[in-house]
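Presented below is the structure to which this report refers.
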Amino acid sequence: MLRLSNILNIQLKKALERAFPNAANAARVSGSTLDPVLVPASKPEFGDFQVNGALNLAKALKQSPRDIALAIVAQLHEDEEFLNLCKSPEIAGPGFINLTLTTQCLIREINNQMNDHRLGVPLIDLSKTSGGSAPIVIDFSSPNIAKEMHVGHLRSTIIGDSLARVLEFRGHSVLRLNHVGDWGTQFGMLISHLKLVAPEALTTADAIDLGDLVNFYRQAKQRFDEDELFQDESREEVIKLQNGDLQALKAWKLLCDQSRQEFQKIYDRLDIRLNERGESFYNPYLKNVLNDLDDLGLLVTDEGAKCVFLESITGKDGKSLPMIIQKQDGGFNYATTDLAAIRYRLNSYPDGDGAQRLIYVTDAGQSNHFAGVFEIAERAKWIPNGCHIEHVPFGLVQGEDGKKLKTRSGETVRLRDLLDEAIDRAESDLRIRLKKEGRDESQAFIKHVSTTVGIAAVKYADLSQNRITNYQFSFNKMLALQGNTAPYLLYALVRIAGIARKGGNLGINIDTLEFNQPQEWCLIRELLKFDEVIIKVEEELLPNRLCSYLFDLSQVFNRFYDKVPVLKANEPNRSCRLALCRTTANTLKLGMTLLGIPTLERM
Ligand code: ARG
């Protein structure tokens, strides 16, 4: 309906101008226009759209909102094109105008949507957007080498991927960057420790597996905290690495490869594409960050560390907090790397991505980190005009007890195990259902369906929550066949696509659709919302809006299918209704694809 609301908006503006030419002129002189404030109707009984502008304009026009609404309506009655789209407008309350689309208009719109493989979602016109064809960077997933990827990284991976898919679908060029933690002091301590306990890991590929590596990392950290001598050794090792010592670099590369293979297994299972560009990539640019901040007069030396005092973030005592750019020992920080990364990503010369927008998907716990980094980048004028950077935070993943998600023995949950368990549970649910339905299916079918449902359930459970809130991880809830879950939607899609398939070819020309049942109109109106939902997700970066829409759509469909016969109806109704089934299935499928959720033909 987006196209339609744009047309209506123009017609309403013209009506306002004709009704109040002097005020419209005055507004134009001051660089504005009279705004009709067109919004989707808040309730179905108000029609399709509401025009709320009369209330805001009352003061400027020195008339009652009702009189203004009357004047607008009088003008609309003069507009042939408007009357082609809407039935006679109705004034409600103090001066709202309710607009209801004509049936011909709804039919035209749904017909357009049926004939469009993008289902009415426009490709963005890059020549008309401020960023043009410059890429959008989405920094997501970003786990750390030598550590297990945890549920926080899972959230970032799932949310980041769905945002990337929506932006790509709209026609943006998207750079999916995996900012893995592959640099810094942790490597010093890991390498020093491995030299002692497992030297083969530093010279031979695959000598140890990631589980061992994670354990060694834990031990190293513990030693580091307890043993001063070991601290010195570790620092020396980092300096060696940073200075390009070949042996240290080789060891580092092996450790990275080891982790990378494990990460890739998870990405493959989740069908995630990412370009790895870890922290180490920005190493050559760190010195410049320091020097340039110094030249700009932003650096302060505080207890031997070089830092920038932040204006936007203060401690409990109300004093501004420092962000450390270079530590006392000469090492650089996580924040320094992020500053170098901002410059690299936004600049295009001499090297860089030339991006227009940077999106960081991490847990809300890093909000202060990003606020600080963004503030410094802004003060240093490293954000070119027209470029935007934003943090897309999300809440914690909790267990069903509301506490941090842990295994029974109290350890952090490994992603691999978590996905396995989702799939195992999906399989046992499926076997129970098959038995109940008396179905005999092949092993391959069972494997395929349970893998798809398990992965879909984990992804959808995460995406369907408003990302800002903490999210309670529950296998039972996410795998339920009822409610706003992946299994429910997958099942709805299978069923609806099945009806459409059974119906075969349409017996009418698609350009001659006709409808007469209220449930048909409800379904048409719901289908027509799809474009707006996608644009909203693009604007607000909230995939849960799309999830709610798909769930609503499937429920509206159920009400339609409950009340209105499809396969048994007579022509032309049968074909018209089949066309609606088909469009509903296509919308569900495209919606799920944009969420990164795999779908099934049968389940
Ligand atoms: N590696 C970090 C972590 O595990 C996330 C990195 C996010 N991206 C960034 N540019 N800082 O918490």
Side-chain angles (χ1 to χ4, degrees), residues 135-161 163-164 174-187 190 210 213-214 217-218 221 252 255-256 259-260 262-264 266-267 272 274-283 285-286 289 313 323-325 332-347 352-353 355 357-378 382-383 387-397 404-405 412-415 467 541:
I136 297 177
V137 166
I138 308 192
D139 175 321
F140 70 106
S141 193
S142 309
N144 301 311
I145 300 289
K147 296 193 198 168
E148 289 277 1
M149 216 184 195
H150 56 67
V151 281
H153 297 124
L154 180 68
R155 278 208 97 174
S156 172
T157 308
I158 293 172
I159 296 171
D161 175 60
L163 297 177
V174 175
L175 243 161
R176 300 156 160 258
L177 290 186
N178 198 3
H179 190 83
V180 294
D182 65 354
W183 206 238
T185 33
Q186 79 258 36
F187 284 94
L190 186 61
L210 186 71
L213 193 58
V214 171
Y217 179 81
R218 260 190 226 129
K221 173 97 180 68
W252 169 75
L255 298 175
C256 290
S259 291
R260 192 171 290 134
E262 289 301 315
F263 298 157
Q264 194 54 46
I266 301 272
Y267 296 141
I272 305 283
L274 265 161
N275 303 313
E276 183 181 318
R277 197 199 274 163
E279 294 179 15
S280 62
F281 176 87
Y282 303 98
N283 193 40
Y285 306 97
L286 299 178
V289 167
I313 305 173
M323 185 155 247
I324 297 181
I325 307 297
F332 294 107
N333 265 349
Y334 181 51
T336 324
T337 304
D338 264 326
L339 285 167
I342 288 181
R343 299 176 82 180
Y344 189 92
R345 292 166 180 183
L346 293 180
N347 288 337
D353 302 316
R357 185 172 175 196
L358 308 183
I359 295 171
Y360 297 82
V361 188
T362 79
D363 62 287
Q366 300 199 36
S367 295
N368 270 347
H369 163 75
F370 284 111
V373 167
F374 295 172
E375 179 197 313
I376 296 176
E378 216 154 283
W382 290 342
I383 306 173
C387 290
H388 301 281
I389 52 182
E390 63 206 292
H391 180 213
V392 170
F394 53 79
L396 297 175
V397 184
K404 206 173 157 198
L405 191 68
T412 37
V413 181
R414 291 195 307 181
L415 288 195
R467 60 173 160 75
L541 305 177

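Counting starts at 1 for both ligands and their atoms, in listed order.
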Minimal non-hydrogen separation, D139 against S142, with atom names: OD1-OG, 3.2 Å

Which heavy atom of P143 sits nearest to which heavy atom of Y267, and what is that distance? CD-OH, 3.5 Å

Centre-to-centre under 6.0 Å for Y282 and F332, is that the case here? no

Set of residues that line ligand 1, where lining means a heavy atom lies under 4.0 Å from it: D139, S142, N144, H153, H179, Y334, D338, Y360, T362, Q366, F370

Which residues satisfy the ring-ring contact (aromatic ring centres under 6.0 Å, His included) test with Y334, sequence neighbours excluded? H369

Out of L415, D363, L396, which residue meets the side chain to side chain contact (heavy atoms under 4.5 Å, CB included) rule with V151? L415

Step-by-step side chain to side chain contact (heavy atoms under 4.5 Å, CB included) determination, Q366 to Y360: CA-CA 10 Å; Q366 300 199 36; Y360 297 82; over 6 Å; no

